[in-house]
Novice: 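Quick one: this structure, given as structure tokens, is what I'll be asking you about.
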Amino acid sequence: MNSINPTILLVEDNEDDVFAMKRALKRANITHPLQTVTDGKQALDYLAGADQYSDRRRFPIPSLMFLDLKLPYVHGFEVLEWVRQKPEFNSIDVIVLTSSAVEKDHEKARALGARSYLVKPPTPEMLLGVLGSLQSLAQA
Amino acid sequence: MRADSKEKTGDDSPSASQPACEQRREQSHFVQFYENDDFLIESLAEFIVAGLKADENAIVIATHSHETALAQKLEAMGIDLVGERRAGRYYTLDAAETLALFMKDGMPDEPRFDQVMGGVLDQAAQGEKRARVFGEMVALLWEQKNAEAAVLLEGMWNNLGKKHAFSLFCAYSVKTFGGRIDDPSFLNICKEHSRVFFSDKCEGPSGDPERLRVLTTLQHEAVSLRTEITRRERVEAELRRIASIVESSDDAILSKSLQGIITTWNAGAQRVFGYTAEEAIGKPVTMLMPPERQNEEPQILERIRRGDRIDHYETIRQRKDGTLIDISLTVSPVKDADGNVIGASKIARDITDRKRAEQDARDARRQLAQVNQELERRIYERTASLQEAVAQMEEFSHTVSHDLRAPLRAMQIYSEALLEDYSKQLPPEAVRYLKRIGESALLLDKMILDVLTFSRISRAELHREKVSLNKLIGNLIEQDPTLQSPRAEIHIEPLIDVMGHAPSLNQAVSNLIHNAVKFVSPGVMPRVQVWTEKRDAEVRLCIKDNGIGIDPQYQHRLFKMFERIHADLKYEGTGVGLAIVAKAVQRMGGRVGVESDGTHGSTFWLQISAAD
């Protein structure tokens with residue numbers, strides 16, 4: 001793991017939302033390397049270092065993960081649950097991204113171990129506000 | 001009738017020249033029946049006085065009361081009893097004490113009797129005098145129902161008379177003969193006496209001993225008949241009473257022989273079974289049984305023969321007209337005087353109505369159970385379909401919020417990116433169009449969110465609890481800079497707690513306060529006042545603004561979905577906010593309203609239950 005410039009993993013299937021996230025990160029001057037996967041299964045493979053993601057130098061374990069909920073194959077909550085069951089991923093901060101501000105989803109995300117919750121679309125202000133409080137990127 | 005009257009009336013009879021007492025004196029052992037003590041004492045006194053005059057000694061073996069009464073009578077007749085006693089001519093002995101001297105195992109013992117009474121007679125017979133004895137010991141035995149001992153004792157007196165010269169006066173109260181005409185003991189008593197004298201109640205000449213004996217027997221029979229009649233009258237009255245009870249009973253009461261033949265039949269039986277007594281008596285009781293129950297009768301008779309009683313046996317019988325009736329049957333054996341079962345009495349109660357009522361109750365219960373089951377099934381089905389509908393609705397909402405909003409978000413994102421990155425290269429007109437695209441996308445997104453909120457509030461389960469409006473409104477303002485100075489001035493009075501569903505209430509109050517600050521004329525600082533009023537068990541929350549007001553003629557449309565009063569673009573809204581307020585408050589059991597003259601601001605209010 002590159003502690004000097006930790007990686008951010010974005011799990012998002014909608015390319016418009018990927019665009020919005022990249023743009024918001026850029027405008028917020030967050031320059032950490034960004035890895036993107038587009039469904040739940042890819043997210044699990046990436047984290048496990050399976051198949052195409054076996055090269056940890058190219059695909060390092062992220063310090064921060066933006067996780068959409070409504071994902072193909074494996075739902076965001078399942079990904080979150082899986083991550084939180086693995087002690088080796090304790091250091092990953094997970095921020096749930098969703099289009100709805102439904103209280104139920106928010107509560108569940110908290111209960112499963114998400115650090116925070118962002119309603120799309122992300123803005124530079126939102127990202128700076130959330131990231132500022134996180135341990136994972138504090139060195140940056 | 002008194003003895004002395006006999007002496008007077010005796011003049012007509014062949015033996016009239018001799019008074020009764022004189023006749024008695026000549027007899028060695030006679031019996032006097034009496035009905036009252038006065039007669040006995042008078043008769044006895046004559047007997048004693050005649051003896052004393054004839055220089056015979058008197059021995060009185062009597063009950064204490066008779067002895068006392070006799071002494072009084074004798075003194076009244078001029079006898080110097082003290083002198084006579086002193087001279088040894090008048091002896092008295094207590095009957096019970098003397099009797100006890102020679103009784104052995106409940107019977108008189110002759111040797112002892114001879115010893116005791118012989119001694120007494122010897123003593124009285126000093127100078128070879130005759131004695132006159134009055135004895136009540138036999139009468140005592142008689143009263144004790146020891147007839148055998150009494151007859152035996154009479155015989156002992158007779159035997160004693162062969163050795164001693166005395167005449168014996170016996171007395172029996174007629175009342176002690178149980179009133180039975182053919183009482184053999186009465187005749188036996190008579191047999192033991194040489195003469196019998198009938199009692200005071202019987203008129204007739206004295207004289208011929210045989211004639212007296214016959215008369216006495218007749219008198220005994222007459223007394224017995226009187227007693228018997230009295231007894232029978234009593235029994236008859238009792239029977240009549242019982243018969244009237246039987247007759248007036250609602251229950252059928254009948255009796256039957258051991259052969260199953262009906263012997264009695266009351267009015268109740270006629271009512272219950274339809275047969276008159278004439279039709280029923282003499283007929284087999286099986287005529288009351290439907291064909292399939294004929295076998296019950298032998299079983300019932302068998303139990304009755306054994307002396308058993310059958311209590312409240314519920315069965316079915318057939319009326320004369322063929323209809324079947326439910327009855328409760330009680331059958332008891334009827335016994336003769338010796339305890340032999342000679343028949344049975346039956347009490348049959350018509351329980352058709354009760355049975356019908358029981359059946360009706362059972363039917364009603366069954367129907368109720370069926371209806372309940374049906375209801376439960378329907379409720380289950382409806383609940384299931386409702387749950388399905390809710391699930392579908394939630395699925396739909398989820399789809400709307402995620403999938404339908406994604407393209408809108410893209411419109412926002414790209415129009416914003418265009419504006420940010422290329423606005424300097426675009427003509428002002430194009431920039432304005434771009435802005436309008438972004439605003440429309442944002443508005444549509446808000447409308448979608450509001451509709452989702454509305455549908456969520458419409459179907460959410462509302463758990464009402466105590467809610468502090470002070471806290472709720474305080475938090476709302478604290479979290480939203482648009483509700484704070486310098487952008488707005490909101491003055492809140494201390495508010496009364498309410499009963500409500502906090503999230504729904506939060507939504508409603510939030511919408512009202514945002515409206516209050518939104519609808520102001522350009523350049524006007526929004527000023528909002530918030531207060532509560534207690535109205536009976538409810539609380540009215542009022543939110544007064546200094547906005548543009550609402551024309552009263554449009555106020556009724558305000559709380560409907562997608563209704564907008566102000567066409568002006570600067571008051572653009574989704575048209576759902578107040579519908580959400582109305583729905584939320586209505587679901588909490590409350591009401592909403594507005595007061596406005598159309599120019600000087602508005603006061604929106606909602607009213608729900610107070611917390612206490």
Novice: Are more than 12 heavy atoms, taken from residues, nucleotides or ligands other than B/Lys446, located less than 6.0 Å from that residue's NZ atom?
Specialist: no
Novice: Report which part of A/Lys120 has an atom under 4.5 Å of a heavy atom belonging to chain B: side chain, backbone, both, or neither.
Specialist: both
Novice: Check the surroundings of atom CD in B/Glu465: do more than 12 heavy atoms from other residues, nucleotides or ligands lie under 6.0 Å from it?
Specialist: yes
Novice: Working to the nearest 0.5 angstrom, can you tell me the gap between B/Gln412 CD and A/Asp16 CG?
Specialist: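 Atom-to-atom, B/Gln412:CD and A/Asp16:CG are 11.5 Å apart.
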Novice: Please check if the number of heavy atoms outside B/Arg382 that lie under 6.0 Å from its CZ is greater than 12.
Specialist: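 No, CZ of B/Arg382 has 12 or fewer neighbouring heavy atoms, counting only those of other groups under 6.0 Å.
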Novice: If you check every heavy atom in residues 75-87 of chain A against those of chain B, which residues fall under 4.5 Å?
Specialist: none
Novice: Would you give the length of the straight line joining atom CZ of A/Arg27 to atom CG of B/Asp421, rounded to the nearest 0.5 angstrom?
Specialist: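 A/Arg27 atom CZ to B/Asp421 atom CG measures 7.5 Å (nearest 0.5 Å).
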Novice: For A/Tyr73, check ring-ring contact (aromatic ring centres under 6.0 Å, His included) against everything at least two apart and list the hits.
Specialist: none
Novice: Measuring only between side-chain heavy atoms, which start at C-beta, is A/Arg23 closer than 4.5 Å to B/Glu416?
Specialist: no
